[in-house]
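Because the structure is a prediction, the values reported are computed rather than measured.
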Amino acid sequence: MDWRKGQKVSPIERIVTWEKPSTQPEKSDLSSEQWDNLPSEMKLRYIRVGFEDRSGLKRTLVVVTTLLDHVRYDAVELADLYAKRWEIEVKLRDVKTTMGLEKFAVKTPEMAHKTLGMMMLAYNLIVNFQINVV
């Protein structure tokens, strides 16, 4: 990523334009019709923030968003929201792995919601009441 490209909004923000490749990548999951219906270009906003990873190392994170209005959508707030969402994803992954539910064997969104609810109930019972599950 070349941080010098695009329009500078602030020291931590840029507006860039991504162009659709002329040919569809071989490993694309899109149908030819879906690929053709994609826009030829997209304006995006890069937000670059520093953070400390799990091992205490300082890292740089670039959040890419279509929320272009830097006045209405503060860069630091967006990055914080992304970090909170990532934390939720990681915790949910940990719970699913602990419960052996990496994949739900369901066919509808409603059943996925019910399965998730039951999984969270079972997890909380095990964690909070130290129930031994065989």
Side-chain angles (χ1 to χ4, degrees):
M1 172 187 308
D2 187 351
W3 193 256
R4 298 169 295 182
K5 291 184 178 181
Q7 174 192 353
K8 183 179 181 178
V9 176
S10 77
I12 65 167
E13 299 172 89
R14 299 196 83 69
I15 303 292
V16 297
T17 302
W18 282 3
E19 294 183 11
K20 181 173 84 171
S22 56
T23 58
Q24 183 173 352
E26 286 182 28
K27 295 188 178 189
S28 171
D29 291 333
L30 299 176
S31 70
S32 295
E33 183 180 348
Q34 289 171 321
W35 176 262
D36 291 339
N37 287 331
L38 291 175
S40 60
E41 65 179 33
M42 288 179 64
K43 284 202 177 290
L44 300 165
R45 180 173 157 207
Y46 291 170
I47 302 169
R48 181 173 56 184
V49 292
F51 74 101
E52 194 173 293
D53 69 12
R54 289 182 178 188
S55 60
L57 296 175
K58 300 220 182 267
R59 304 272 187 189
T60 300
L61 170 72
V62 177
V63 176
V64 180
T65 180
T66 56
L67 301 173
L68 303 178
D69 187 345
H70 66 281
V71 175
R72 186 170 181 190
Y73 305 106
D74 181 71
V76 175
E77 286 181 27
L78 281 176
D80 286 344
L81 284 173
Y82 177 83
K84 287 176 184 173
R85 178 176 184 260
W86 183 252
E87 202 173 311
I88 291 168
E89 293 284 343
V90 169
K91 287 179 181 176
L92 183 58
R93 183 191 64 199
D94 290 345
V95 170
K96 286 170 47 179
T97 301
T98 301
M99 299 298 293
L101 292 168
E102 285 87 358
K103 292 185 179 184
F104 292 170
V106 299
K107 295 182 181 183
T108 64
E110 293 80 19
M111 284 306 294
H113 287 217
K114 288 179 183 178
T115 303
L116 180 62
M118 290 304 295
M119 176 192 73
M120 295 304 294
L121 176 64
Y123 180 81
N124 283 322
L125 286 171
I126 292 167
V127 169
N128 293 319
F129 298 105
Q130 299 299 317
I131 296 173
N132 292 324
V133 177
V134 177

Notebook entry, point to check: Hey, quick one: are V49 and L68 part of the same hydrophobic cluster, counting side-chain heavy atoms closer than 4.5 Å, chains of contacts allowed?
Noted result: no
Next item on the list: Check whether any side-chain heavy atom of P25 lies under 4.5 Å from a side-chain heavy atom of W35, and answer yes or no.
Entry: yes
Notebook entry, point to check: Does W18 reach the side chain of V64, with side-chain heavy atoms less than 4.5 Å apart?
Noted result: yes
Item checked: Contact summary for E13 and W3, nearest pair of heavy atoms -> N-CZ2, 3.8 Å
Margin query: Give me the atom names and distance for the closest heavy-atom approach of K5 to R14.
Written below: O-NE, 2.8 Å
Note to self: Working to the nearest 0.5 angstrom, can you tell me the gap between S31 OG and N37 CG?
What the structure shows: 8.0 Å
Notebook entry, point to check: Are R93 and E89 ion-paired here, with the side-chain N under 4.0 Å from a carboxylate O?
Noted result: no
Check: Roughly how far, to the nearest 0.5 Å, is NZ of K84 from CG of L81?
Finding: 6.5 Å
Check: Shortest non-hydrogen contact from R45 to L67?
Finding: NH1-O, 2.8 Å
Item checked: Residue pairs involving residues 19-30 (criterion side chain to side chain donor-acceptor pair (under 3.5 Å); sequence neighbours excluded) -> Q24-S28
Notebook entry, point to check: Is V62 linked to I12 within one hydrophobic cluster, defined over Ile, Leu, Val, Met, Phe, Trp and Tyr using a side-chain heavy-atom separation of less than 4.5 Å?
Noted result: no
Notebook entry, point to check: So which heavy atom on M119 is nearest to which on L92, and how close?
Noted result: CE-CD1, 4.1 Å
Notebook entry, point to check: Quick one: do F51 and L78 end up in the same hydrophobic cluster if we chain Ile, Leu, Val, Met, Phe, Trp and Tyr together by side-chain heavy atoms under 4.5 Å apart?
Noted result: yes
Check: When rounded to the nearest 0.5 angstrom, what distance separates CH2 in W86 from CG in L61?
Finding: 10.0 Å
Notebook entry, point to check: Between atom OH of Y46 and atom OG1 of T65, what is the distance when rounded to the nearest 0.5 Å?
Noted result: 12.5 Å
Note to self: If I compare all heavy atoms of V16 with all of G6, which pair ends up nearest, and what's the gap?
What the structure shows: CG1-CA, 4.0 Å
Note to self: Quick check for you: to the nearest 0.5 Å, what is the distance between D94 atom CG and K91 atom NZ?
What the structure shows: 9.5 Å
Notebook entry, point to check: Is it the case that one hydrophobic cluster holds both I15 and V63, taking links as side-chain heavy atoms less than 4.5 Å apart, direct or via other members?
Noted result: no
Check: What heavy-atom pair brings D74 and E77 nearest, and what distance separates the two atoms?
Finding: OD2-N, 3.1 Å
Next item on the list: Say whether L38 and L44 are linked into one hydrophobic cluster, either directly or through other cluster members, by side-chain heavy-atom distances under 4.5 angstrom.
Entry: no
Note to self: Can you tell me if E52 has over 12 outside heavy atoms packed within less than 6.0 Å of its CD?
What the structure shows: yes
